[in-house]
There are 4 protein chains.
Amino acid sequence: MSLASLKEAVFEANLALVDHGLVIFTWGNVSAIDRQQGLVAIKPSGVPYSTMKSDDMVILDLEGKVVEGSLKPSSDTPTHLELYRSFDTIGSVAHTHSTYAAAWSQSCRDLPITGTTHADYFSQDIPCTRDMTEEEIAGEFELNTGKVIVETFVERDINPAHVPAVLVKNHAPFIWGKDAHDCVHNCVVLEEICKMGAIADALNPEITMNKHLVRKHFNRKHGKNAYYGQK
Amino acid sequence: MSLASLKEAVFEANLALVDHGLVIFTWGNVSAIDRQQGLVAIKPSGVPYSTMKSDDMVILDLEGKVVEGSLKPSSDTPTHLELYRSFDTIGSVAHTHSTYAAAWSQSCRDLPITGTTHADYFSQDIPCTRDMTEEEIAGEFELNTGKVIVETFVERDINPAHVPAVLVKNHAPFIWGKDAHDCVHNCVVLEEICKMGAIADALNPEITMNKHLVRKHFNRKHGKNAYYGQK
Amino acid sequence: MSLASLKEAVFEANLALVDHGLVIFTWGNVSAIDRQQGLVAIKPSGVPYSTMKSDDMVILDLEGKVVEGSLKPSSDTPTHLELYRSFDTIGSVAHTHSTYAAAWSQSCRDLPITGTTHADYFSQDIPCTRDMTEEEIAGEFELNTGKVIVETFVERDINPAHVPAVLVKNHAPFIWGKDAHDCVHNCVVLEEICKMGAIADALNPEITMNKHLVRKHFNRKHGKNAYYGQK
Amino acid sequence: MSLASLKEAVFEANLALVDHGLVIFTWGNVSAIDRQQGLVAIKPSGVPYSTMKSDDMVILDLEGKVVEGSLKPSSDTPTHLELYRSFDTIGSVAHTHSTYAAAWSQSCRDLPITGTTHADYFSQDIPCTRDMTEEEIAGEFELNTGKVIVETFVERDINPAHVPAVLVKNHAPFIWGKDAHDCVHNCVVLEEICKMGAIADALNPEITMNKHLVRKHFNRKHGKNAYYGQK
């Protein structure tokens, strides 16, 4: 993929978050990576969506060195880069403050898997990270946010390809996907299942879901025996 | 009704679900049956609504044999067919993951009848199905989903013509109607009463509704003494 | 006011309910009265809003005799007429199943006055009516609905000019106003304060409001010392 | 800034509240101050937004004397003026009845800081004022509302530049900012964090937020070491 195409895909994905009602003002960002070149395109920091152009996307290498673009990259860039370095199956990362996903993050609870809408995309609960320490916050905060996300997936033995989102405690979600389009799709799904989950939690705080049903639905859409769609 | 008309009605009903805000992406499907010919038209699986055409609808017989159309039918087709085979008064079936109806399904609770908005369309509580067994899930899952729905109506002695929807546990609703238009209408009503029911449940978990009032409202719109509308 | 103007005002008020998102399908109706002629214009029963014309409004006298119009009046007409006969200060009546107001009605609770948004329009709690008896339901149901509303205001000594709405238990609200425009305005206010009230009730079930603050806000907009607006 | 520019900015800010879905009917108002001239422009009282013009804005001095404009200023003007007199860092004030912020006000609870969306704009909990006394209500009510807001910030030692909003008990929020544009921005943020806070409170009533994380996020966007955006 050319860098121009990568920037165009990232630009459109950022606008798509607004169209889907997941971002107000500049409260979100999407990046995508070209794994062959090891280069990431990401939204610039704090630029209004109405005037932003494809060419404003910033290109960086995986260590954070800007290789193209005159604007400052998103302040969340170090989090994105840590996720690309640690989760080698992902091709795009997003961060939003979408209402229900942010509310679950603020509530400091994992989003429990209680329905097939969730299981169609995520194979288990979506984890909420631990509290960050004073040192992690005072130090390289955004990098450390990425490290705490990775730690959460490693310690709980969660496959990031099967659970493409995390709730950062007292903050908001990070979401990823195979490419920028898939990543935005997962952002929409996450917000919707967070809304369903909040309503269901009020109706019945004791709900559980049959593990066989979880596996069945996840495998309908993923893996070698998937049979959903025209494939 | 010609097959072209049946396909057109099913196509429009699928789009109507999107217009009513009940379906995002491809999370829904509607079918309709021509009882005389014993043929069903249904949405193809996983095709984006923006490019879908009337002619993409797939025609099957009641045993699931495709008799017209080149695309794979919706993966939920065996559930639809089981409902047509068992509920002989229904002419159309829909499946959505609309937010509040899915949340009630996830909460594993029947939607209790507590208001006349509900009673105008459904004569009693809308049932939530039982857990499916490991064997039912591992086997012909979508067919078994239909069988569990039918079992729920039979065992609880519910008339599917008077309660045209079900909440599938940990999943989402199936809805039916006299024809595709009526079925979409019922999808809208179900989502609205699920929303009202969730709000009312939070305000007062102990609510009940007078059985005479239920019957009065249901009969205002249904049965031989109906007096609502211009009939 | 000419009957043509009365019909036009009622027609536009019915459409306004849809524009304000308070009515889906045909779930609502507005009427208005010309007190000098003793004639009421009301929406016809079950006619789709998209094809309804001003001339479809039905004109009746206060005893329910149709004096103009070829369509059947709304099935809720006897409730409207009972309110006009009993509450002589009102000029228009509406009925909706707007989501939050219907949910409060279903919850069988008065809407407590807890904020100035409420107090700007309603001088006290909005009452929820009692259960109707089997006889009241089996008899002239819509007339008896009106009688139970009137009984509620009489027994609790509530001035209908100061509390222009009621929650009918397990059903939905009736709303009134000085004229059709004012009545629709009150429908919007009621839905909004029912939404605020539901959110506030979840945040703090014990809330109360200072009676002096209630009176102050109600009198800012009503009565001889009102000082809101350009009057 | 010329008075014409000040009026234009205030006019546009008032319309922006409607566009952002924070105001229905005439339930809101924005003002802004020119500190050099000591003059305030404010929306007129009860004028419909659809016909309001920039020139309808009323100009007053800080004691409330109208110096330009033929319409009555907003009935909330004395509250605005008290805030300008007491909080000398603010350039604009708004009042809305936006749904979630009004519901928190009605619930008589501070909005607790539980997420970074809140901490990006407000350095601590957003306070809810105390009950007003019978004398304060019977007297110069709107002026006294302003005094109770100021008392709240003084007694709790809150810096109004770091917490640009307050919840007035049983009423609704007042919001401020550096200028009219910034003030509207804060109105949108407040409503969004009140919504997130209500959802999070239902999911987990015991949530708290790490003080280091609060400070980090507030300082990312404010103060001399801010590093968000293109500055």
Side-chain angles (χ1 to χ4, degrees), chain A residues 23-28 44-48 52 56 58 70-76 95-112 128 130-139 141-142 144-145 167-172 194-195 197-203 205, chain D residues 16 19-22 98-100 111-122 125 177 181-182 184-222 225-231:
Chain A
V23 164
I24 55 175
F25 301 129
T26 58
W27 299 358
S45 181
V47 170
M52 197 168 67
D56 292 337
V58 184
S70 54
L71 295 169
K72 264 177 59 183
S74 166
S75 54
D76 295 310
H95 174 53
T96 80
H97 285 227
S98 68
T99 312
Y100 282 88
W104 274 95
S105 304
Q106 284 184 213
S107 80
C108 310
R109 289 177 56 186
D110 297 353
L111 178 71
C128 185
R130 65 162 169 81
D131 252 327
M132 291 175 74
T133 65
E134 185 172 356
E135 291 69 33
E136 287 169 334
I137 292 168
F141 173 63
E142 290 83 4
N144 292 335
T145 298
L167 304 170
V168 178
K169 191 176 176 201
N170 291 119
H171 187 161
C194 283
K195 183 170 184 183
I199 302 164
D201 187 74
L203 290 171
Chain D
D19 291 342
H20 283 294
L22 303 178
S98 68
T99 312
Y100 282 87
L111 178 71
I113 189 161
T114 62
T116 61
T117 322
H118 184 135
D120 282 339
Y121 292 89
F122 300 84
D125 296 354
H181 183 83
D182 184 53
V184 169
H185 192 102
N186 289 339
C187 292
V188 175
V189 174
L190 177 67
E191 179 64 6
E192 185 66 14
I193 62 176
C194 283
K195 184 170 183 183
M196 288 176 181
I199 301 164
D201 186 73
L203 290 171
N204 181 1
E206 307 299 327
I207 34 173
T208 55
M209 183 173 177
N210 184 326
K211 284 189 170 19
H212 305 296
L213 184 60
V214 170
R215 199 174 324 121
K216 176 72 187 180
H217 263 266
F218 189 73
N219 290 338
R220 285 216 313 179
K221 288 203 172 181
H222 302 84
N225 295 316
Y227 59 95
Y228 181 90
Q230 295 298 327
K231 291 161 271 185

(request) Not counting sequence neighbours, which residues clear ring pair (Phe, Tyr, Trp, His ring centres under 6.0 Å) with D:Phe122? List them please. (result) D:His118

(request) Measure up the A:Phe25 and D:His185 rings against each other and bin them: parallel (under 30°), tilted (30 to 60°), perpendicular (over 60°). (result)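 Ring orientation of A:Phe25 relative to D:His185: parallel.
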
(request) Can you label the angle between the D:Tyr121 ring and the A:Trp27 ring as parallel, tilted or perpendicular, going by 30° and 60°? (result) tilted

(message) Please identify, among D:Asp201, D:Ile113, D:Val189, the residue contributing the most non-hydrogen atom pairs under 4.5 Å to chain A.
(response) D:Val189

(message) Using a 4.5 angstrom heavy-atom cutoff, name the option from D:Asn204, D:Ile199, D:Thr208, D:Leu213 with the most pairs to chain A.
(response)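 Among the listed options, the one with the most contacts to chain A is D:Ile199.
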
(request) Sort A:Ala202 into side chain, backbone, both or neither according to what part of it lies under 4.5 angstrom from a heavy atom of chain D. (result)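 No part of A:Ala202 comes within 4.5 Å of chain D.
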
(message) Does any backbone or side-chain atom of A:Thr26 lie under 4.5 Å from a heavy atom of chain D? Answer side chain, backbone, both or neither.
(response) both

(request) Count the heavy atoms belonging to other residues, nucleotides or ligands that lie under 6.0 Å from NE2 of D:His181, then report whether that count exceeds 12. (result) no

Can you tell me which of [options] forms the most heavy-atom pairs within a distance under 4.5 Å of chain D?
options	answer
A:Glu142, A:Met132, A:Lys195	A:Glu142
A:Ala103, A:Ser105, A:Gly46	A:Ala103
A:Ile24, A:Asp76, A:Val168, A:Leu71	A:Leu71

Less than 4.5 Å apart, any side-chain heavy atom of [X] and any of [Y]?
X	Y	answer
D:Thr116	A:His97	yes
A:Lys169	A:Cys128	yes
D:Lys216	A:Glu136	no

Can you say whether [X] sits under 4.5 Å from chain A via the side chain, the backbone, both, or neither, judging by heavy atoms?
X	result
D:Arg220	side chain
D:Asp120	side chain
D:Val214	neither

